[in-house]
Amino acid sequence: MNVIVEREKKLLELEKTITDLRSAAATQPSLSTAIEALQDEYKKIQRDVFGSMTPWQKVNMSRHPERPTSSDYIARLETFDQLHGDRHFRDDPAVTGGLAKLGERSVMVIAQQRGRDTKENLKLNFGMVTPEGYRKVKRLIDLASRLGIPVVTFVDTKGADPGIGSEERAQSEAIAQCLYSLTVARVPIVATVVGEGGSGGALALAIADHVMMLEHSTYSVASPEGCAAILWGDAAKAEEAASHLKLTSQDLLGFGIIDEIIPEPLGGAHRDAPALIATTLQKIEEALARLSALSAEDLVEERYRKYRRIGAWQVERQTAVAISG
Amino acid sequence: MAMPEWLRRRRNKHETTEDAAQWTKCPKCGEVLYRKDLAANLSVCPKCHYHFRMHAFDRVSMIIDSDFNEIGNEVVPGDPLKWTDTKSYPDKLAAAREKSQLTEGVVCGFGTIAGHAVALAVMDFNFRGGTMGTVVGERIAMLLEEARKRKVPCIIFTASGGARMEEGMLALMQMAKVTAAVSRFMGDGNFFLTVLTDPTTGGVSASFAFQGDIIIGEARAMIGFAGRRVIEQTIRQKLPDNFQTAEFLLEKGHIDMVVERSHMKETLARLLDYTAKKAPVAV
Ligand SMILES: [Zn+2]
């Protein structure tokens, strides 16, 4: 059960009532005061529900079935030619990649794909990428780097696929090699977390010069369910885990892990998807325009410094004194 | 070259009489073993060859010729998330320190192996399950940067349950930090070798563990991305015993070799020897 979908129900009912009254108002002008009152109530509830969301509510928002998925963003590019497969085993549909035009600019788009319903989700493995998918990602990053084409990624996954086949085909190695390629790519990389950024499976698309998150997206070291299972042996304590993990866009901007937050309409990205997608693509273009001014060497150097800094540690006086031997 | 006090103590430890009286049980075959004998046998059960999880200090002592110049020991964790569940994160860290006699989950430094200068990092499962937080990432990145300056090979012994939850995304980002340091180090033509010991999973497995030029699995070590329990819950069936073992990974083509602990040092020495006199290759 998605807590956001539950909370939306009341609003959707009100919305329907207002629409019905509006069409009736054409013949009964006296209804207009009632409509205004309902609209005020609607706005009040909307503010109450979405004005300040808890981390767990944001997790649910990031998984909202109507939330725009990567394919919605890709559909708004000028052109897109999909490039399939890892050249070894198969084409993983949970991650899409290809050459595209974003405005005037050629880009390599790499995007994790979550399904909207059960049928789509079964096909897309619930957005969990397998080693073949990550090998496709690495192939496209390397290709873009060699040809001098900037990389644009859309992140949306609960995490990398944890199945038997994925272990047999070296999931760890596949992710590790994506990370490696991202650190050496000689082109600008812009990553946007549009839904759920789950663990290393998300990071494999997200070591970037400019990392953005949609306001109500989440990005986490482990899914709240996974974290609760690891720490307390109980996946049902996911809400509690979410409250600890600091997985919201605001938290992560504070830690310097992301660079920019893309505001969402009140009620979430799906309330006005076309406007939100246009804003997102515009922000990606702006970031690319800025990064394109840097040389390949400077890009790689700046990226190195950025990740080299991240963390929280202190320096302690040494307890054991070194003795020359 | 300096020898840290702990290494000196460790080397003499098993000759003292108080330790000689202690015994332990092999978790695999149940054989009762004297700790002294077990230590003399590199913490490998003489009966069934079970490889006990090794303390990082013992591992360094086993691998390095004599002196070890430790670096990064002064870098210790903060509490960025102000995490508290049943205990606060600082309390958990204090308990881990007490239990493991380590300041964090990895020991890094420089020494020689059969005369070859190396940078060595050894992770320890005793410190919060070998989880990678900021300090593990920071110390390994420091080691790689220094090794790059000195142009010496780097060997990392991994042992990890994955990223450390209590540092949240800052822990996940250490995968990026270490990878960046690895790619710089390797890009200069330096030799990077990883030895995957029991257990190596999650964020460590999915980053530097599988970025080695040569990847060794210690005999019978459990190595994988997802934990065994997670996979069993997902597929709702029991996995075969050998699933995710070093031997299984060798058969699947994921690692270069499986090495028994008793042959580890001589194997590393040979690999360092093969690669030693080659001129750096520009990438
Ligand atoms: Zn035994």
Side-chain angles (χ1 to χ4, degrees), chain A residues 160-164 166-177 179-180 182-184 199-201 203-204 206-207 219-222 226-227 229-232 240-241 244-247 251-252 255 257 303-304 307-325, chain B residues 1-6 8 66-67 69-70 73-81 83 85 103 134-135 137-138 141 162-163 165 167-177 179-184 187 202-203 205-211 224-226 230-231 234-235 239 243-244 252 254:
Chain A
D161 179 68
I164 291 187
S166 287
E167 293 292 328
E168 286 177 337
R169 298 191 299 278
Q171 183 68 288
S172 289
E173 194 267 354
I175 295 170
Q177 294 308 320
L179 302 182
Y180 192 102
L182 288 169
T183 63
V184 297
S199 194
L203 185 67
I207 297 181
Y219 191 4
S220 181
V221 63
C227 172
I230 289 166
L231 285 182
W232 312 307
E240 191 188 335
H244 290 298
L245 280 165
K246 299 277 185 276
L247 43 65
D251 289 327
L252 298 175
F255 287 132
I257 288 170
R303 201 180 303 141
Y304 185 85
Y307 286 96
R308 188 64 189 79
R309 271 196 299 269
I310 296 178
W313 69 93
Q314 44 201 339
V315 174
E316 188 181 66
R317 283 242 161 260
Q318 212 138 4
T319 43
V321 181
I323 295 167
S324 51
Chain B
M1 274 286 211
M3 184 187 287
E5 180 59 24
W6 59 258
R8 187 186 294 281
S66 59
D67 295 353
N69 218 346
E70 193 179 358
N73 188 38
E74 71 286 0
V75 178
V76 294
D79 184 15
L81 272 58
W83 184 294
D85 45 54
T103 55
T134 299
V135 171
E138 186 61 26
M165 295 299 131
E167 290 189 31
M169 281 294 285
L170 294 167
L172 192 79
M173 288 299 131
Q174 304 310 309
M175 294 170 73
K177 179 189 287 183
T179 298
V182 164
S183 66
R184 278 210 159 177
S205 171
S207 60
F208 55 91
F210 275 96
Q211 289 164 349
F225 173 68
V230 174
I231 304 170
T234 310
I235 62 170
L239 290 162
F243 191 70
Q244 294 183 319
K252 294 289 174 192
H254 303 179

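Letters go in sequence order (proteins before strands), and every chain restarts at 1. In this text the structure is predicted, and so the values were computed from the model without any measurement.
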Q) Below 4.0 angstrom, N of the basic side chain to O of the carboxylate: do A:Arg309 and B:Glu138 qualify? A)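 Judged by the 4.0 Å cut-off on N to carboxylate O distance, A:Arg309 and B:Glu138 do not form a salt bridge.
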Nearest 0.5 Å, what's the [atom1]-[atom2] distance between [X] and [Y]?
X: B:Thr103; Y: A:Glu316; atom1: OG1; atom2: CD; value: 7.0 Å
X: B:Ser207; Y: A:Glu173; atom1: OG; atom2: CD; value: 12.5 Å
X: A:Phe255; Y: B:Leu81; atom1: CZ; atom2: CG; value: 4.5 Å

Q: Evaluate side chain to side chain contact (heavy atoms under 4.5 Å, CB included) for A:Arg169 paired with B:His254, printing each intermediate quantity in order.
A: CA-CA 8 Å; A:Arg169 298 191 299 278; B:His254 303 179; 5.6 Å; no
Among [options], which residue has the highest count of heavy-atom pairs closer than 4.5 Å to chain B?
options: A:Ala312, A:Pro162, A:Ala174; value: A:Ala312
options: A:Ala241, A:Ser220, A:Ser166; value: A:Ser220
options: A:Gln171, A:Arg303, A:Glu240; value: A:Gln171

Any idea which heavy atoms bring [X] and [Y] closest together, and the distance?
X: A:Arg308; Y: B:Lys177; result: O-CE, 3.2 Å
X: B:Gln174; Y: A:Gly311; result: NE2-CA, 4.0 Å
X: A:Tyr307; Y: B:Ala176; result: CD2-CB, 3.6 Å

Quick one: what part of [X] sits under 4.5 Å from any heavy atom of chain B, side chain, backbone, both or neither?
X: A:Ile310; result: both
X: A:Leu252; result: side chain
X: A:Leu245; result: both
X: A:Ile164; result: both

Interface moiety of [X] toward chain A, non-hydrogen atoms closer than 4.5 Å:
X: B:Ile235; value: side chain
X: B:Pro77; value: backbone
X: B:Val75; value: both
X: B:Val76; value: both
X: B:Gln244; value: side chain

Q: Side-chain contact test, heavy atoms from C-beta onward, threshold under 4.5 Å: evaluate it for B:Met169 versus A:Leu247 and give yes or no.
A: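 B:Met169 vs A:Leu247: side chains apart.
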(Q) If we ignore hydrogens and angles and just use 3.5 Å, is the side chain of B:Lys252 paired with the main-chain N or O of A:Ala170 as donor and acceptor? (A)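 Side chain of B:Lys252 to backbone of A:Ala170, a donor-acceptor pair under 3.5 Å: no, none is there.
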Q. Would a distance-only check, ignoring hydrogens and angles, find a side-chain to backbone donor-acceptor pair under 3.5 Å from A:Glu168 to B:Phe243?
A.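 It does not hold such a pair.
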Taking every heavy-atom pair that is under 4.5 Å apart, which of [options] has the most such pairs with chain A?
options: B:Ala171, B:Ala141, B:Ala163; value: B:Ala141
options: B:Ala209, B:Ala181, B:Gly202, B:Gly203; value: B:Ala181
options: B:Gly137, B:Gly162, B:Ser183, B:Gly168; value: B:Ser183
options: B:Val230, B:Asp85, B:Leu172; value: B:Leu172

(Q) Ring-plane angle category for B:Trp83 and A:His244, please: parallel below 30°, perpendicular beyond 60°, tilted otherwise. (A)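 B:Trp83 vs A:His244 ring planes: parallel.
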Q: List the steps, then state whether side chain to side chain contact (heavy atoms under 4.5 Å, CB included) holds for B:Arg184 with A:Thr183.
A: CA-CA 9 Å; B:Arg184 278 210 159 177; A:Thr183 63; over 6 Å; no
(Q) Would A:Leu179 and B:Gln211 count as a side chain to side chain contact (heavy atoms under 4.5 Å, CB included) here? Give the steps. (A) CA-CA 10 Å; A:Leu179 302 182; B:Gln211 289 164 349; 4.2 Å; yes
